[in-house]
There are 2 protein chains.
Amino acid sequence: MTESGTAVRNTRQRSAVSALLAEVDGFHSAQDLHAMLRDRGERVGLTTVYRTLQGLADAGEIDVMRPPGGEHLYRRCSEGHHHHLVCRACGRTVEVAGPTVESWAERVARQHGYVEVSHTLEIFGTCPSCAG
Amino acid sequence: MTESGTAVRNTRQRSAVSALLAEVDGFHSAQDLHAMLRDRGERVGLTTVYRTLQGLADAGEIDVMRPPGGEHLYRRCSEGHHHHLVCRACGRTVEVAGPTVESWAERVARQHGYVEVSHTLEIFGTCPSCAG
DNA sequence: GCGTTTTTGACAATCATTCTCATTGTCGCG
DNA sequence: CGCGACAATGAGAATGATTGTCAAAAACGC
């Protein structure tokens, strides 16, 4: 029960979702993405969109954000670990890397004896355009 | 537009929720707290529990956490800004302060011209008891 | 006490997400 | 190349936490 059990199959729908995520910028909800696919003429069920997104998220290929608003937002973003700086007003997002934070979190957790450490961090603010 | 007239009234229900939060440890969902109040013999509507918790959260008297699981968890905790180190297995929580992170977030945001900066940060790990 | 204004609470409504399950599409293997 | 096992799909139902509604009750100033 280690690795090779998961036979992930290549389907039209999965490709469509991946392709869409590769093209659009910013975060989008599952329903949002579903609507876009529909506009493109791709017939993909909402359930499948959810499942595919979950799969991609588990695989670490996309990021999930849970804004206070309610719905989950998904986004394909750069590899590796990073965080997001999001504008409260227009949603404009900047990816930020924080080696400082990574090591801090790791250190603090270990000081308390916690292992297998992970963390979530989102920064919210008002971007220059919306503030001016 | 005389907005300064917000008269918050003292009610039995509000006190009950506050008192309960003062006694219990750890995070609890609204429904959880509602059930506890019921067991105590306090008759408080679920709607009221939600409203009271929201109010307390707005006032900064309690913390809200949104675990991936789904429901919001509320907890009365120490004053001031801090974060939580939560055990994935048993839920044991440690409050941690991170001046480093606070200033880092502020600095990064400002570098990008963002103002009115806030952030959310949760650290997850496996605590000593659960790991051993 | 009295009237005004907030608060309460039972219930309905909302809404994103998950579940169900019969059907369909993939892909390994002969 | 074709078969068959089994993952994947999808339409609709189900779930379940949270929010809205609104008449009735409680608090507070006077």
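Reminder, nothing fancy here: chain letters follow the sequence lines and each chain counts from 1. Keep in mind that what you see is a predicted model, and the values were worked out from it rather than measured. For the numbers below, each heavy atom of this structure counts, side chains included, while hydrogens, waters and symmetry mates do not.
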**Request:** Check whether any side-chain N or O of B:S103 sits under 3.5 Å from a backbone N or O of B:P99 as a donor-acceptor pair, and report yes or no.
**Result:** yes
**Residue pairs passing the salt bridge (charged side-chain N to carboxylate O under 4.0 Å, His left out) test where at least one lies in residues 17-32 of chain A, sequence neighbours excluded** = A:E23-A:R40
**Fill in**
From the list B:V17, B:L21, B:T52, side chain to side chain contact (heavy atoms under 4.5 Å, CB included) partner of B:L33 resolves to B:L21
**Message:** In whole Å, I'd like the distance from the CD atom of A:E71 to the C1' atom of D:dA17.
**Reply:** 15 Å
**Item:** Pairs flagged by ring-ring contact (aromatic ring centres under 6.0 Å, His included) wherever residues 24-58 of chain B is involved - sequence neighbours left out
**Value:** B:F27-B:H84
**Asked** Once you round it to whole Å, what is the distance between C1' of C:dT24 and CZ of A:R14?
**Response** 15 Å
**Asked** Looking at residues at least two apart in the chain, or sitting in another chain, which of them share a side-chain hydrogen bond (donor to acceptor under 3.5 Å, both in side chains) with B:Q111?
**Response** none
**Request:** Starting at atom CG of B:L46, determine the distance to atom P of D:dT21, rounded to an integer number of angstrom.
**Result:** 17 Å
**Request:** Go through residues 47-62 of chain B and report each residue with a non-hydrogen atom lying under 4.0 Å from DNA chain C, sorted by number.
**Result:** B:T47, B:T48, B:R51
**Request:** Under the side-chain contact (heavy atoms from CB on, under 4.5 Å) rule, collect the residues that match up with A:T100, sequence neighbours excluded.
**Result:** B:T100, B:W104
Please write out each protein N/O paired with an N/O of nucleotides 27-30 of chain C under 3.5 Å, distance rounded to 0.1 Å.
from, atom 1, to, atom 2, distance (Å)
C:dC27, OP1, A:N10, N, 3.2

Cut-off 3.5 Å, no hydrogens considered: what does the side-chain donor-acceptor table look like for residues 53-61 of chain A, sequence neighbours left out?
none

**Asked** Mind checking what makes side-chain hydrogen bond (donor to acceptor under 3.5 Å, both in side chains) contact with B:S118, not counting sequence neighbours?
**Response** A:R88
**Prompt:** Looking at B:Q13, does any N or O in its side chain come under 4.0 Å of the phosphate oxygens OP1/OP2 on C:dG9?
**Reply:** yes
**Asked** Ion pair present between A:R38 and A:E42, side-chain N to carboxylate O less than 4.0 angstrom?
**Response** no
Which pairs of donor and acceptor atoms, one on a side chain in residues 119-132 of chain B, lie under 3.5 Å apart (sequence neighbours left out)?
from, atom 1, to, atom 2, distance (Å)
B:H119, NE2, B:H81, NE2, 3.2
B:H119, NE2, B:H83, NE2, 3.3
B:H119, NE2, B:E102, OE1, 3.0
B:S129, OG, B:R92, NH2, 2.9

**Asked** Around B:R75, counting heavy atoms of other residues, nucleotides and ligands shown, do more than 12 lie under 6.0 Å from its CZ?
**Response** yes
**Request:** Mind listing the residues from residues 15-44 of chain A sitting with a heavy atom below 4.0 Å of DNA chain D? Number order is fine.
**Result:** A:R43, A:V44
**Asked** side-chain contact (heavy atoms from CB on, under 4.5 Å) with B:T47: which residues, sequence neighbours excluded?
**Response** B:R51
**Request:** Ignoring backbone atoms, test whether A:H72 places a side-chain nitrogen or oxygen under 4.0 Å from the OP1 or OP2 oxygen of C:dA16.
**Result:** no
**Asked** Between B:V24 and B:M36, what is the shortest heavy-atom contact and its length?
**Response** CG1-SD, 3.9 Å
**Message:** Rounding to 10°, can you tell me the angle the first-five-pair axis of the helix from C:dG1-D:dC30 to C:dG30-D:dC1 makes with its last-five-pair axis?
**Reply:** 40°
